[in-house]
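Each ligand, and each atom within it, is numbered from 1 in the order the structure gives. The analysis underlying the following values was restricted to heavy atoms, covering all of them including side chains, and did not include hydrogens, waters or symmetry mates.
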Amino acid sequence: MLPLSIEEIRRDYPILSRTFYGKPLVYFDNTATSQTPRQVVEAVERMYFRHKANVHRGVFSISQEATGLMEAAREDVRRYINARSTAEVIFTRGTTEAINLVAASYGGEFLGDGDRIILTVMEHHANIVPWQLLQRRKDIHIDVVPMLPDGSLDMEAYRRLFTDRTRMVAFCHVSNVLGTVNPVREMVEVAHSHGVPVLVDGAQAAPHMAIDVQALDVDFYAFSSHKMYGPAGVGVLYGRESLLEKMPPYQGGGEMIANVSFEKTTFAPPPLKFEAGTPDFVDIAAFAEALKYIGRLGVENIAAHEHALLEWTTAEMMKIPGMRIFGMAPGKCAVISFLMGNAHHYDTGMLLDKLGIAVRTGHHCAEPLMHSLGIEGTVRASFAVYNTLSECETFISALHRIRPMLD
Ligand code: PLP
């Protein structure tokens, strides 16, 4: 049970009281980005009004305050994901940058011509394209894990993909289209039994479930603040310290060095080795407030609330003739991708918008998944802690209302 009523929770999100076309906003695009509560916005304001000075540099008090707040945020992230040390917590611009960092740095150093990487068919482009960029530098082959009809991964096929040239496995914890929660621990065990490290794209998991990188035994784990009620422009790469130590820097510049001369530069230890230039310390400090916010509500309570909305809405949607829902794996997250009859996803999304309902339409940055489903795109509704059953009812009656217009 959430410790506050939904009405109390919603009061912290002024955006939710906006109206569109005379209808109250129903915000169902939480998978793309969640809204940000007052507490987090106030933390941004505090940083600008009280603590703004460059971090890790000044001897003066405000600079030390700013550095202290940024490093406290690193400790909050460490605790949220149960990393062994703050050296394992690298701040990035988001999940995308985190994955690019691993592909460029780890991939650039430790993968060679003829090596193979395993990805899955349900990856976001953020976990495909960085590996393809690596393919421009090295002759690397990408093997793809297929899925079963319910949207879960074909684990037998996964096991069979390993060869003695497999050097990296990278997959999403939760699919942003299907909501499938992949069996991370089991997949890591298989990969590690072949001596292969694992990167998990946790962009869609970190907002909805407790993450314990030690229990999962992952080598890299990436996620984004803006999907976790936090500010945009901040993300995290968790990396196992023994690997981070061996990896070369991703970018060069200030903050990431030990000593610089024109003859030779030495680098700071992780995490600073991977944080060249002035970091987004304002939003990093505010991200810590978002983690506190999630902690106060309880991530399990948030998930249970979203799950109740998911179950009710899915059951109601299935009563609508011609409804197709993509992704029905047991224990899925609160994401519903669907198509109604032969209607184009874009038309459905436009009509829902006219009724005040914000849903995502398109390929959701997962074109290979769309190809494997034989479709161009879907409509996607996804829930967060501030969504209500009454909004789901509005959504269902809107679907009934627009259905005849789409025939
Ligand atoms: N991975 C998944 C599964 C996602 O859903 C997203 C964003 O939707 C990303 C990666 C990219 O996240 P960001 O744009 O915050 O870097």
Side-chain angles (χ1 to χ4, degrees), residues 27-36 40 77 90-104 119-133 144-145 147 151-153 169-182 184 187 198-209 211 216 218 220-238 250 274 279-280 283-284 286-287 290-291 306 326-327 329 332-337 358-370 372 377-384:
Y27 184 76
F28 277 177
D29 194 20
N30 297 288
T31 295
T33 196
S34 57
Q35 297 301 338
T36 299
V40 175
V77 172
I90 298 160
F91 286 115
T92 64
R93 283 191 301 121
T95 306
T96 302
E97 190 177 47
I99 299 173
N100 273 279
L101 191 164
V102 176
L119 306 179
T120 83
V121 68
M122 62 179 77
E123 295 316 307
H124 188 282
H125 298 163
N127 195 27
I128 300 173
V129 185
W131 304 108
Q132 291 175 328
L133 293 180
V144 181
V145 187
M147 62 181 190
S152 52
L153 284 179
V169 172
F171 60 88
C172 58
H173 195 162
V174 172
S175 158
N176 66 316
V177 176
L178 310 165
T180 308
V181 182
N182 288 320
V184 175
M187 292 175 78
V198 177
L199 175 144
V200 174
D201 168 354
Q204 297 300 341
H208 307 289
M209 60 184 76
I211 306 298
L216 294 173
V218 289
F220 300 102
Y221 196 94
F223 52 102
S224 299
S225 152
H226 70 97
K227 297 183 194 289
M228 303 173 72
Y229 310 100
V234 175
V236 171
L237 173 67
Y238 157 81
Y250 170 51
F274 300 102
D280 185 357
D283 293 311
I284 288 171
F287 179 38
L291 293 180
E306 293 166 347
F326 300 90
K332 69 179 270 197
C333 261
V335 179
I336 310 175
S337 280
V359 289
R360 179 54 55 126
T361 57
H363 54 56
H364 316 295
C365 298
E367 278 197 70
L369 175 58
M370 296 299 135
S372 89
T378 71
V379 187
R380 184 184 71 187
S382 53
F383 308 126

With a 4.0 Å heavy-atom cut-off (strictly under), which part of Cys172 contacts ligand 1: side chain, backbone, both or neither?
neither

Quick check on side-chain hydrogen bond (donor to acceptor under 3.5 Å, both in side chains): which of Thr33, Asp283, Thr36, Thr95 does His226 satisfy it with?
Thr33

Looking only at protein heavy atoms, which one is nearest to atom 4 (C) of ligand 1, and what is the separation?
His124 CD2, 3.3 Å

Taking only heavy atoms of Ser224 into account, list the atoms of ligand 1 that are under 4.0 Å away from them.
12 (O), 13 (P), 15 (O), 16 (O)

Among Thr92, Asp280, Val77, whose side-chain contact (heavy atoms from CB on, under 4.5 Å) with Val234 holds?
Asp280

Atoms of ligand 1 under 4.0 Å from any heavy atom of Ala126, numbered from 1 in the order shown, are 10 (C)

Of the side chain and backbone of His364, name the one, both, or neither that has a heavy atom under 4.0 Å from an atom of ligand 1.
neither

Given that the side chain starts at C-beta and the backbone is N, CA, C, O, which of these parts of Thr95 lies under 4.0 Å from ligand 1, counting heavy atoms, or is it both or neither?
both

Ranked by distance from atom 10 (C) of ligand 1, the top protein heavy atom is Asp201 OD2, 3.4 Å

Should you measure from each heavy atom of Lys227, which atoms of ligand 1 turn up under 4.0 Å away?
6 (C), 7 (C), 8 (O), 12 (O)

Asn176 heavy atoms within 4.0 Å reach ligand 1 at atoms 5 (O)

Nearest atoms (heavy-atom pairs only) where Pro130 meets Ile99
CG-CG2, 4.0 Å

Determine, using ring centers only, whether Phe28 and Phe383 are less than 6.0 Å apart.
yes

What's the verdict on side-chain hydrogen bond (donor to acceptor under 3.5 Å, both in side chains) for Thr180 and Ser152, showing C-alpha distance, side-chain angles and the deciding distance?
CA-CA 6 Å; Thr180 308; Ser152 52; over 6 Å; no

What distance do Ser224 atom OG and Asp201 atom CG have between them, rounded to the nearest 0.5 Å?
8.0 Å

Give a yes or no answer on whether the side chain of Arg380 reaches the backbone of Asn176 with a donor-acceptor pair at less than 3.5 Å.
yes

Should the pair His173 and Tyr221 be assigned to parallel (<30°), tilted (30 to 60°) or perpendicular (>60°) ring geometry?
perpendicular

For atom 5 (O) of ligand 1, which protein heavy atom lies nearest, and how many Å away is it?
Gln204 NE2, 2.6 Å

Testing the basics here: between Cys172 and Asn127, what is the closest heavy-atom pair and its distance to 0.1 Å?
N-ND2, 4.4 Å

Please check whether Thr31 reaches ligand 1 - meaning an N/O of the residue sits under 3.5 Å from an N/O of the ligand, judged on distance alone.
no

Looking at atom 14 (O) of ligand 1, what's its closest protein heavy atom, distance included?
Thr96 OG1, 3.6 Å

Compute the shortest N/O to N/O distance between Glu97 and ligand 1 and return yes if it is under 3.5 Å, no if not.
no

